A.B. asks: 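Dropping a structure here in structure tokens format, bear with me for questions.
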Amino acid sequence: MRVAWTADGGTWRLEFRLDPEDGVTGHCADGAALKLATNTFRVELPRAPRDIHPDLLALTAWTVVAPWTRRRVTFDRPISPGLAGAIGDGWGIEAGPTDSTGNAGTTGTTGTAGPTGPTGTRSRSGSRLAISYSGGADSVAVAAMLPDAPFVHFQRVSHPRVPNRWTHYRSDVLASLAEKTGRELTVVRSDLEFTLAEPRPGYPEHHAVAAGALLMADELDLGGLAFGYELGSRWLGGARYIHRYTPDNLMWAPHGAWGRAFAAVGLHIVLPVGGVSEAVTMRLALGSGLRGQLRWCLRGVGGPCGTCGKCLYKELIQAAVERRPLRTTITAGRPVARKWQQPPPYGGQEMIEYGCARVPGIEDTVFAAAARHLRATEASTAWLDRCYPPAVAEIPEPWRKQVHDFVTGEIGFMSEEEARRVETWGMT
Ligand SMILES: [Zn+2]
């Protein structure tokens, strides 16, 4: 894989070319099979940054091209040995070029690392923590935990070479809601999701959502990026593919491949809600000052659409948190409700158990069959109301105390017995 960036003001455009051993069908870190649609994308920053460290450009590219890279990745400017090592260890991919002179700052590369001036391929660092903010319940919960952290919002825009068959995806609505929060906000627009043809446009790796934060990291002096990935994504194997306790999660563990790659470029992955369930993030989001801007549905304009699978799933959680009957017009025969008529396992199963145990009249809803299969109770799901302690312990030191104090005051930690529910998840 060969990648090359060109810049025009604040717009950065990447072109990548496959090596003979690369393939147009690849796999991302969560196991999904991905088919390539096109070999270019752009990232529009709100202003032209002074300079961007070569490691930040390289890792941004890597979040897109990793699934289709088989043996080596060649960047258009030298990267630090630290980043090359992280890609080598994490993926078994040879990454380069690196600065062969070992004489950082004299190689003629364009990188700088903030106030210290030109550094060539020396590792970068920064000090502030930003939030990768989508506007959904999980990222609103993160915002409630970190009231002073700036937001970086990724907005999908159309790709000049790929027809947009996904016009129902209202990224403009989500961006305008982010603007209404009143928080320090950087909106970054990109068509990088259209590099992905199948199963649909989306982030080739989940981390591609960080493209804007990576490219603006020097400009904003970022040392960490907080994501809204919660207990299910970080520790219970993710919603879709694994469904068991995964302390060594490749995507989100600090010692996983992606965690090490982000650390190598001085932008640490931080998961403030990594130890709590979607019931807790929902409760925090509904109680937050940003409740009016809360939106998990990608389709609605005036409000959530109420008919998509995401709306149905989140309605179950919200109804459980609010201790009220389900409000939905979706019936069991509808395609978005079909999976709940089948026996488990389900994606996000811990939250289906939580909802079925708490929503009054669940036996008369589209979740009736799931509830019969799961037979969950309030007692059997009580662990999902508290925080898994190792999730706070793994937060990088500069931001750990703030999260710890919030969890202590607003959520509470799991007992050892409750933590064992996490650690035996998916085992019979
Ligand atoms: Zn919806």
Side-chain angles (χ1 to χ4, degrees), residues 32 132-143 153-158 164-181 187 193-194 196 199-203 206 209 227-230 232-233 238-240 273 277-286 288 290-322 324-342 346-352 354-356 358-359 362 365-370:
S132 176
Y133 182 80
S134 69
D138 301 330
S139 68
V140 169
V142 172
H153 178 78
F154 180 102
Q155 182 182 357
R156 174 193 291 188
V157 291
S158 299
N164 184 10
R165 292 186 281 119
W166 296 271
T167 50
H168 56 272
Y169 179 110
R170 294 304 302 266
S171 64
D172 55 327
V173 173
L174 297 179
S176 71
L177 284 168
E179 269 157 24
K180 292 192 180 96
T181 61
V187 176
E193 293 173 274
F194 289 94
L196 189 50
R200 67 186 71 81
Y203 305 121
H206 298 279
V209 71
F227 295 86
Y229 288 95
E230 38 59 63
S233 298
R240 286 180 292 176
V273 295
S277 75
E278 289 174 86
V280 173
T281 59
M282 178 67 78
R283 177 170 66 77
L284 294 174
L286 293 173
S288 142
L290 302 184
R291 178 176 179 152
Q293 289 85 48
L294 181 61
R295 181 71 59 85
W296 46 76
C297 174
L298 305 178
R299 298 165 183 250
V301 178
C305 77
T307 58
C308 73
K310 187 83 174 281
C311 279
L312 181 60
Y313 176 76
K314 287 292 188 181
E315 167 60 13
L316 178 69
I317 299 169
Q318 183 172 357
V321 167
E322 296 180 336
R324 58 161 173 81
L326 204 66
R327 295 181 198 135
T328 181
T329 57
I330 298 171
T331 54
R334 294 282 295 279
V336 294
R338 200 166 290 154
K339 62 184 163 185
W340 311 121
Q341 315 316 313
Q342 306 296 319
Y346 309 118
Q349 181 166 317
E350 75 280 8
M351 296 319 303
I352 306 304
Y354 186 94
C356 288
R358 284 172 175 72
V359 172
I362 196 74
T365 71
V366 295
F367 294 104

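Bear in mind that the values here come from a model prediction, so they are computed numbers and not experimental data. We count ligands from 1, going down the list as the structure has it; atoms in each ligand are counted the same way.
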A.B. asks: Hydrogens and angles aside, do Ser233 and Glu230 bring a side-chain donor and acceptor to less than 3.5 Å of each other?
C.D. replies: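 Glu230 and Ser233 do have a side-chain donor-acceptor pair below 3.5 Å.
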A.B. asks: Flag the pair Gln318 / Trp296 as yes when at least one side-chain heavy-atom distance between them is below 4.5 Å, and no otherwise.
C.D. replies: yes
A.B. asks: Would you confirm whether Glu315, through its side chain, and Leu312, through its main-chain N or O, come within 3.5 Å as a donor-acceptor pair?
C.D. replies: no
A.B. asks: Does NZ or CZ of Arg156 fall inside the cone over Tyr203's six-membered ring, less than 6.0 Å from its centre and within 45° of the axis?
C.D. replies: no
A.B. asks: Give a yes or no answer on whether the side chain of Ser288 reaches the backbone of Leu284 with a donor-acceptor pair at less than 3.5 Å.
C.D. replies: no
A.B. asks: Strictly under 2.8 Å, how many protein N, O or S atoms lie near the Zn ion (ligand 1)? Waters don't count.
C.D. replies: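 Under the 2.8 Å cut-off, the count stands at 4.
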A.B. asks: List in chain and number order the residues that pass ring-ring contact (aromatic ring centres under 6.0 Å, His included) with Phe367, two or more places apart in sequence or in another chain; answer none if no residue qualifies.
C.D. replies: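 ring-ring contact (aromatic ring centres under 6.0 Å, His included) list for Phe367, sorted by chain: Trp340.
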